[in-house]
*Asks:* 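Here's a structure for you.
Read the numbers this way: they start at 1 and go in the same order the structure lists the ligands and their atoms. Note that the coordinates shown come from a computational prediction; the quantities given were computed from them, not determined experimentally.
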Amino acid sequence: MCGIIGYIGARQATPLLVGGLKKLEYRGYDSAGVSVFHEGTSRVVRCRGKLSGLEDKLVREPAPGTVGIGHTRWATHGRPSDENSHPHKVGPISVIHNGIIENHLALRAELAASGAQFSSETDTEIFAHLVSRELATAPDLTTAVRKALVKVRGSYAFVVMSDKEPGTLVAAKNSSPLVVGLGEGENFVASDVTAILSETRKVIFIDEGEIVTVKREGVTITDFDGKPRVRDHKVITWSAVQAEKGGFKHFMLKEIHEQPRAVADTLTGRVDLERDDVTLDGVDLDVAKIKRVVFVACGTSYHASLVGEFLVEALARLPVEVDLASEFRYRDPIIGPGDLVVAVSQSGETLDTMEAVREAKKKGATVLAISNVVESSIPRLCDHAFYTHAGPEIGVASTKAFTTQLVAMALLAIYLGRRTNALSREKARALIGELVQLPQKMRDVVETGAQLQVLARRYGNANGFLFLGRGAQYPIALEGALKLKEISYIHAEGYAAGEMKHGPIALIDETLPVVVLVPRGPHYDKVVSNLAEVRARQGKVLAVATKGDTEIGGHADDVVLVPETAVELQPILTVLPLQMLSYYVADGKGTDVDQPRNLAKSVTVE
Ligand code: AGP
C-alpha cells in the first residue's frame with residue numbers, strides 16, 4: 001500500500017506534492033520521491049526512508065515546475081532503497097504506482113530479452129518500460145498507457161507523466177484506490193482524498209478499469225477500451241482527520257473493511273491456476289528435508305499460527321508445534337536441522353519473536369518469516385521471508401494483518417502439501433478455487449456490520465464473554481476473546497468447545513454471553529451439543545454459522561451467518577463478525593479503539 005499524488009496547474013508542484021505526501025505517509029514510509037517537469041525534462045528526486053529525508057534532499061536539489069507526481073512507498077517488490085523508490089523514470093516516462101504487478105517476472109524477462117535495462121528490483125519500473133516503448137508509436141500518452149495496460153495483470157493505481165507531453169498526467173485504476181481533485185485551472189490525482197483535501201473538495205472517485213487523462217483545463221475519463229465514461233464530481237464534507245480514515249470513525253473499522261482488498265493482495269501472484277499450485281515468491285524450501293514445522297509468534301500472530309498448525313497438519317501431513325515466542329526461547333527447545341521454524345510477526349519487530357528466531361538459528365533450524373513489513377528486523381534475520389502485503393495496519397488491534405496471515409498459512413500449507421505429495425492436485429485445485437473467491441465472500445460479511453452493531457448493543461454491557469470453537473475455530477475463539485478484551489477492556493476467555501465442561505461451564509448463567517463458532521463441517525454436531533449445554537444453564541448464545549443453516553436458529557439466541565467455503569478456510573470468514581462485535585462493543589463504551597490503554601503496535605521489549 002503506497003501513497004500517490006499528481007499535480008498539474010500554474011502553481012509550483014513540489015510543495016503541493018510534498019504537502020499531499022505528508023497526509024499519505026501513514027500508507028507507507030519506506031521511501032518517498034517526486035518527479036517534476038521543468039524546461040523540457042522531468043527531474044526525479046527520491047530517497048529511502050521517511051518523507052523528512054526527501055524534504056531535506058529537496059532543499060539541496062530543488063525540483064521547480066508546475067507539473068509533477070509524488071509517491072510514498074510501502075515496499076512490496078524490492079527492499080526499501082534509493083533505487084527502488086518511486087517515481088521510476090525510463091526515457092521520457094515517469095511512473096508512480098500503488099499495488100502489485102502480478103506477472104512482473106514474465107514481463108521483466110520479456111523486456112530484458114529485447115534489451116531493456118533495469119535500475120531497480122521493483123515491479124513498477126516494468127510499467128515505465130512498457131509505456132516508454134508504446135510511446136514510440138502511440139499518438140499520445142493516454143494511448144501509450146492504454147496499450148501498456150493490456151500487458152499487465154494485478155492490482156494497481158498508476159500515474160504516468162511524459163517529458164514529451166508535459167501538459168498531461170495519465171492515471172489508471174484496477175483494485176487500488178484513485179481519486180481526481182478538481183481545481184480552478186489546476187487538477188490533482190491521488191490515492192486518497194486526504195492528500196488533496198486542503199486544496200480542493202471537488203473530487204471524482206475513479207472506478208475499476210478506468211483511465212483518466214488529467215490536464216490543467218479538465219479531466220477525461222475512459223474505460224480500458226477507450227470508451228468515454230461520464231462521471232459527476234462529489235463534494236467532500238469530511239474533515240481532514242476523517243478523510244485519513246477513509247470516512248470511517250476509526251482506523252480499526254477502516255482496516256476491517258479493507259480486508260477483502262488486503263487478502264486479494266496477499267493472493268496476487270501467488271496462486272497458479274494452471275498448475276494447481278502456489279508460489280511463495282522467492283521462497284524455495286527443501287521440503288524433502290523438513291521433518292517438522294514449528295511456529296513461533298505472539299498475540300494475534302500466535303492465533304494465526306494455531307490455524308497454521310491445523311492447515312499444515314491437514315494438508316501436508318507434517319508434524320507441527322506452535323509455541324509462544326516468549327516461552328520458546330527460555331525452555332531450551334529441542335530443535336535442529338530438519339525443523340522448519342516459521343516466525344510469524346505482522347510488524348516484524350516483536351522482540352520475543354526475534355529472540356525465538358535467534359534461538360532457532362543457533363540450533364541449526366531453517367527459519368521462514370511471515371511478516372507484513374518488508375525488510376523489518378525479523379525477515380532480515382530469517383533464511384526466507386514471505387510477505388502478506390496487507391498494507392500498513394494503524395489500529396493497534398490486528399485485523400487485516402490477521403486475515404492475511406491466515407491466507408499466508410493456507411498458501412504455505414498448500415505449498416508444503418503439494419511437495420510432500422500429501423495434497424492431491426484435485427484437492428489443491430479446489431482449495432485454490434476457494435481462496436480466490438474469499439475476497440468477495442469477505443465483502444459479504446463485512447457488509448453485515450449493522451447486525452453486529454445491534455448485537456454489540458444487546459450484549460455490550462456484560463461483565464465477561466466466553467468464546468468457543470473446535471478444530472480450526474478454536475484459535476478463532478482465542479482471537480475473538482483477545483480482540484474484545486484489548487479494545488473494550490471486558491474480560492473474555494477463548495476456549496476449545498470440548499474443554500468447556502472441564503471448568504468454564506461453572507461461569508455460565510444468564511449474564512454470560514457465549515459466542516460459539518459453529519460453521520458447517522466435521523465438528524458441527526459436537527459444537528451444537530456444547531451449545532445446548534450452555535443454553536441448559538441459561539447462558540446467552542450468539543452463534544456464528546454458515547449461510548443456509550436453518551437448524552442453528554433453534555439452538556441460539558442470535559445467529560450471524562457467513563458464506564460457505566472449504567473447512568480449512570472458514571477461519572478467514574468466521575473471525576470477521578468477531579472483529580466487528582469487538583469494535584462496536586468498544587465504540588459503544590467509548591474506549592480509545594485505535595490506541596487502547598497500555599498497548600503498543602509493536603512490542604519491542606521482553
Ligand atoms: C493484536 O491485536 C495485538 N496488537 C498483539 O497481540 C500482536 O498481535 C502481538 O503483539 C504480535 O505482534 P506482531 O505480529 O507484530 O509480532
Side-chain angles (χ1 to χ4, degrees), residues 74 250-256 258-259 262 266 295-308 322-329 341-358 360 367-382 385-409 467 475-490 492 494 571 575-576 578-583 585-586 591-606:
W74 170 261
H250 294 100
F251 278 110
M252 181 182 175
L253 189 59
K254 175 173 179 258
E255 286 157 3
I256 287 173
E258 271 172 7
Q259 290 179 102
T266 310
F295 288 98
V296 288
C298 305
T300 288
S301 298
Y302 172 71
H303 299 152
S305 303
L306 290 172
V307 177
V322 186
D323 227 322
L324 289 164
S326 54
E327 292 293 319
F328 177 86
R329 57 183 291 210
V341 171
V342 185
V344 186
S345 174
Q346 182 281 129
S347 61
E349 300 295 346
T350 301
L351 188 66
D352 285 323
T353 311
M354 194 139 62
E355 292 303 329
V357 169
R358 288 203 171 102
V367 191
L368 163 71
I370 295 182
S371 181
N372 192 32
V373 183
V374 172
E375 289 286 298
S376 50
S377 305
I378 292 171
R380 274 192 284 141
L381 206 59
C382 291
F386 183 69
Y387 294 106
T388 48
H389 296 333
E393 192 176 64
I394 311 288
V396 164
S398 212
T399 52
K400 64 177 181 171
F402 180 64
T403 43
T404 54
Q405 282 171 347
L406 297 184
V407 171
M409 296 295 168
F467 289 77
I476 301 307
L478 296 176
E479 175 62 9
L482 173 62
K483 219 75 308 170
L484 187 69
K485 59 190 154 199
E486 72 179 329
I487 59 169
S488 74
Y489 318 144
I490 294 174
V575 74
L576 302 175
L578 307 195
Q579 296 170 344
M580 291 191 283
L581 180 71
S582 304
Y583 171 79
V585 168
T591 61
D592 187 344
V593 172
D594 284 332
Q595 290 178 326
R597 68 186 181 201
N598 308 335
L599 290 173
K601 188 64 191 163
S602 70
V603 185
T604 51
V605 291
E606 269 195 73

*Asks:* Please identify which atoms of ligand 1 are closer than 4.0 Å to at least one heavy atom of Ala397.
*Replies:*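 Near Ala397, meaning under 4.0 Å from one of its heavy atoms, ligand 1 has 2 (O).
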*Asks:* Is there at least one pair of N or O atoms, one from Ser347 and one from ligand 1, spaced under 3.5 Å apart?
*Replies:*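 N/O-N/O distance below 3.5 Å exists for this pair.
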*Asks:* Consider every N or O of Leu482 and every N or O of ligand 1, then say whether any pair is closer than 3.5 Å.
*Replies:*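 Not met; the criterion fails.
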*Asks:* Counting from 1, what ligand 1 atoms have a heavy atom of Ser398 closer than 4.0 Å?
*Replies:*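 Going through ligand 1 atom by atom, the ones under 4.0 Å from Ser398 are 1 (C), 2 (O).
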*Asks:* Under the ring-ring contact (aromatic ring centres under 6.0 Å, His included) rule, collect the residues that match up with Phe251, sequence neighbours excluded.
*Replies:*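 ring-ring contact (aromatic ring centres under 6.0 Å, His included) check on Phe251 returns Tyr26.
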*Asks:* Output the list of atoms in ligand 1 that are nearer than 4.0 Å to some heavy atom of Glu486, sorted by atom number.
*Replies:*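 Answer for ligand 1: 1 (C), 2 (O), 3 (C), 4 (N).
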*Asks:* Give the numbers and elements of all ligand 1 atoms closer than 4.0 Å to a heavy atom of Ser301.
*Replies:*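 By the 4.0 Å cutoff, the relevant atoms are 8 (O), 13 (P), 14 (O).
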*Asks:* Checking Gln346 against Ser398: is there a side-chain donor and acceptor pair closer than 3.5 Å?
*Replies:*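 There is no such pair between these side chains.
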*Asks:* My understanding is that we take every heavy atom of each candidate and find the minimum distance to atom 12 (O) of ligand 1. Doing that for Val373, Thr350, Ile487, which one comes out nearest?
*Replies:*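 Residue with the shortest heavy-atom distance to the ligand atom: Thr350.
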*Asks:* For the side chain of Thr388 and the backbone of Thr266, is there at least one donor-acceptor N/O pair under 3.5 Å apart?
*Replies:*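 Such a contact is absent between Thr388 side chain and Thr266 backbone.
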*Asks:* Within the 3.5 Å criterion, strictly below it, is a donor on Ser377 or Glu349 matched to an acceptor on the partner's side chain?
*Replies:*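 Yes - a donor-acceptor pair under 3.5 Å links their side chains.
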*Asks:* Measure the CD1-CG distance between Ile476 and Leu576 for me, rounded to the nearest 0.5 Å.
*Replies:*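 Here the interatomic distance stands at 9.0 Å.
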*Asks:* Who passes ring-ring contact (aromatic ring centres under 6.0 Å, His included) against Tyr583, sequence neighbours left out?
*Replies:*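 ring-ring contact (aromatic ring centres under 6.0 Å, His included) list for Tyr583, sorted by chain: His250.
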*Asks:* Are side-chain N/O atoms of Thr300 and Glu479 paired as donor and acceptor at under 3.5 Å?
*Replies:*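 Yes, because at least one side-chain N or O of Thr300 sits under 3.5 Å from a partner of the opposite role on Glu479.
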*Asks:* I'd like to know whether ligand 1 has Lys483 as a neighbour, heavy-atom separation below 4.0 Å.
*Replies:*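 The answer is yes, since Lys483 has a heavy atom less than 4.0 Å from ligand 1.
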*Asks:* Using a strict 4.0 Å cut-off to heavy atoms of Thr300, name the atoms of ligand 1 that fall inside it.
*Replies:*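 Every atom of ligand 1 under 4.0 Å from some heavy atom of Thr300: 1 (C), 2 (O), 6 (O), 8 (O).
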